[in-house]
Amino acid sequence: MSRSVPVGLGERAYEVVVGDGLLDAAGRLVAPFLKRGRTAVVSDETVWRLHGERLTAALEAAGVRALPVIVPPGEQTKSFEGLADVCDRLLALELDRGDIVTAFGGGVVGDLAGFAAAIYKRGIDFVQIPTTLLAQVDSSVGGKTAIDTPRGKNLIGAFHQPKLVLADLSVLSTLPDREMRAGYAEIIKYGLLGDRGFFEWLEANAAAVLAREPEALAHAVARSIEMKAEIVAEDEKEQGRRALLNLGHTFGHALESETGYGDALLHGEAVGAGMALAFRFSAGQGLVSGQDAVRATRAIAASGLPTTLQDVAGHPFDAGRLVAHMGQDKKAEGGRLTFILARALGEAFVAKDVDAGAVRDFLVAEGARP
Ligand code: NAD
Ligand code: GLY
């Protein structure tokens, strides 16, 4: 059984299909978007080794030739060098405007291949076949594509919507538990930012989702995609409401910056800790009840994600350095800090003009060095 979630963006509208075993139908589902019977498949070595044969067979069964462009796994591939390499290989394959790129992997591959598609010959179409939980519920939907630079993450990029997203739950069977938890952080984010009922469902079903129980996983993924699709359709270019999707990200990015964007702290783990910090900061500012902040923190911790600075490798952090990273965040405007804060479980809002001193004092109270 599969379900389809529309992303209502007018002439850029597309479907996100969620289901178990969709990979085997990929050829039939992707073929309508092809002018010539071929697609460049950008994937990383790990995903390609585990699932490449299955995807190739599914494409071939529908008369589609897969032209693999395999890149090393890991965030360091989302760089100018990685982008140049992918573009060069697409050129070597003589890919044309009528051809499409298939991004087959996690958020790294999706962001990199999507950006390459956005600029290759001034833009060609692409489809997303996300293979991590994080990519299925977040990065493959919404058209944000980017690479990192030494000055920060995702600083060079483009909005480029895919033509189709295929979220096959069966590929998650090979995903390490730690990556499942990292993806789960983005799922709980949707509950916390805008759907209290979903948050309460997750409080009761986190273990089933993380154990990949089919019904629970399908519901969690589909509901997350529905919420993201609805927000993106309303605010594609993040002029307003889409910023809510950054709940936990300002604190999270600061922690990622300090820990080096690597294995020490995965993006989803940083978001987990960041959301707990955002709820406790909101409580300290009298915006949300202490009880709701405790409940948010407990639900995040119950899934095995970090919720305190002490939980994060690299602690103790320096409060001033963390705040300095926040100042450079893309969400900072004119030197003032912008945060996504909460009024209740399921009710987040964009807070501009947050006092950096108050954030610093809060971080010290949370155990950071003054
Ligand atoms: P990732 O792409 O690095 O994948 C994590 C690891 O899992 C990699 O080692 C990968 O090889 C492996 N993997 C992928 N699928 C697998 C599978 N099915 N089985 C076994 N191993 C598998 O990381 P991610 O967490 O998917 O994505 C993180 C990236 O996404 C970051 O660069 C972040 O900036 C970006 N992101 C983008 C958006 C957006 O809106 N564009 C949103 C959130 C995050
Ligand atoms: N991950 C945040 C966004 O897509 O806007």
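Remember, it's 1-based here, ligands and their atoms both numbered in the order they're listed. Numbers here simply count residues along the sequence, with the first being 1.
Residue contacts with ligand 1 for Leu172 are absent, since no atom lies close enough (heavy atoms, distance under 4.0 Å). With a heavy-atom cut-off of 4.0 Å, Val108 touches ligand 1 through backbone and side chain alike.
A heavy-atom distance below 4.5 Å is found between the side chains of Arg178 and Asp263. Looking at heavy atoms from C-beta onward, Val17 lies in side-chain contact with Ser4 at the 4.5 angstrom threshold.
Taking the six-membered ring where the residue is Trp, His267 and His253 present tilted rings, their angle falling between 30° and 60°. Relative orientation of the Phe281 and Phe362 rings is perpendicular, given thresholds of 30° and 60° on the angle between their planes. In this pair, Trp201 and Phe198 present their aromatic rings parallel. The plane angle is below 30°, not in the 30 to 60° band.
Residue, atom and distance of the protein heavy atom nearest to atom 5 (O) of ligand 2 are Arg242 NE, 2.7 Å. Of the protein's heavy atoms, Thr131 OG1, 2.8 Å lies nearest to atom 15 (N) of ligand 1. For atom 24 (P) of ligand 1, the closest non-hydrogen atom on the protein side is Gly107 N, 3.5 Å. From the protein, the heavy atom lying nearest to atom 38 (C) of ligand 1 is Ser139 CB, 3.2 Å. If you check which protein heavy atom lies closest to atom 44 (C) of ligand 1, you get Leu134 CD2, 3.7 Å. The single protein non-hydrogen atom nearest to atom 22 (C) of ligand 1 is Leu175 CD1, 3.6 Å, given as residue, atom name and distance. The protein non-hydrogen atom at the shortest distance from atom 6 (C) of ligand 1 is Glu179 OE2, 3.6 Å. Of the protein's non-hydrogen atoms, the one nearest atom 10 (C) of ligand 1 is Asp44 OD2, 3.3 Å. For atom 1 (N) of ligand 2, the nearest protein heavy atom (residue, atom name, distance) is Asp138 OD1, 3.1 Å. When hydrogens are left out, the protein atom nearest atom 31 (C) of ligand 1 is Glu75 OE1, 3.3 Å; that is the closest non-hydrogen contact.
Ligand 1 has no N or O atom lying under 3.5 Å from any N or O atom of His267, backbone or side chain. Looking at ligand 2, you'll find an N or O of Lys144 within less than 3.5 Å of one of its N or O atoms.
A donor-acceptor pair shorter than 3.5 Å cannot be found between the side chains of His51 and Thr131. Of the N and O atoms on the side chains of Arg212 and Ser173, not one donor lies less than 3.5 Å from an acceptor on the other residue.
Ion pair Lys144/Asp111 not flagged as a salt bridge, since none of the NZ, NE, NH1 or NH2 atoms sits closer than 4.0 Å to an Asp/Glu carboxylate oxygen. Between Glu200 and Arg295 there is a salt bridge, with a side-chain nitrogen of the basic residue lying less than 4.0 Å from a carboxylate oxygen of the acidic one.
Atoms of ligand 1 lying under 4.0 Å from any heavy atom of Lys144, numbered from 1 in the order shown and given with element: 40 (O), 41 (N). Residue contact check: His51 has heavy atoms under 4.0 Å from atoms 18 (N) of ligand 1. Per-residue contacts place Lys78 under 4.0 angstrom from the following atoms of ligand 1 (heavy atoms of the residue considered): 31 (C), 32 (O), 33 (C), 34 (O), 35 (C). Per-residue contacts place Asp138 under 4.0 angstrom from the following atoms of ligand 1 (heavy atoms of the residue considered): 42 (C), 43 (C). Of all the atoms in ligand 1, the ones that sit under 4.0 Å from a non-hydrogen atom of Leu50 are 19 (N), 20 (C). When each atom of ligand 2 is checked for a heavy atom of Leu245 under 4.0 Å away, the hits are 2 (C), 3 (C), 5 (O).
Under a 4.0 Å heavy-atom criterion, Lys228 is in contact with ligand 2.
Heavy atoms from other residues, nucleotides or ligands lying under 6.0 Å from CZ of Arg369 number more than 12. In this structure, Arg12 places its CZ atom where more than 12 heavy-atom neighbours from other residues, nucleotides or ligands lie under 6.0 Å away.
Between Ala243 and Ile340, the shortest heavy-atom distance links the atoms O-CD1, 3.2 Å.
No donor-acceptor distance shorter than 3.5 angstrom exists from the side chain of Asn154 to the backbone of Asp148, with no hydrogens or angles considered. No donor-acceptor pair closer than 3.5 Å links the side chain of Asp96 to the backbone N or O of Gly98. Of the possible polar contacts, none joining the Thr77 side chain to the Gly82 backbone as a donor-acceptor pair under 3.5 Å is found.
Across Glu186, Lys228, Gln128, His249, heavy-atom proximity to atom 40 (O) of ligand 1 is greatest for Lys228. Of the listed residues (Arg49, Lys153, Glu256), the one carrying the non-hydrogen atom nearest atom 33 (C) of ligand 1 is Lys153. In this comparison of Leu133, Val271, Val171, Val47, the heavy atom closest to atom 13 (N) of ligand 1 sits on Val47. Heavy-atom proximity to atom 26 (O) of ligand 1, evaluated over Thr174, Thr132, Asp111, is greatest for Thr132.
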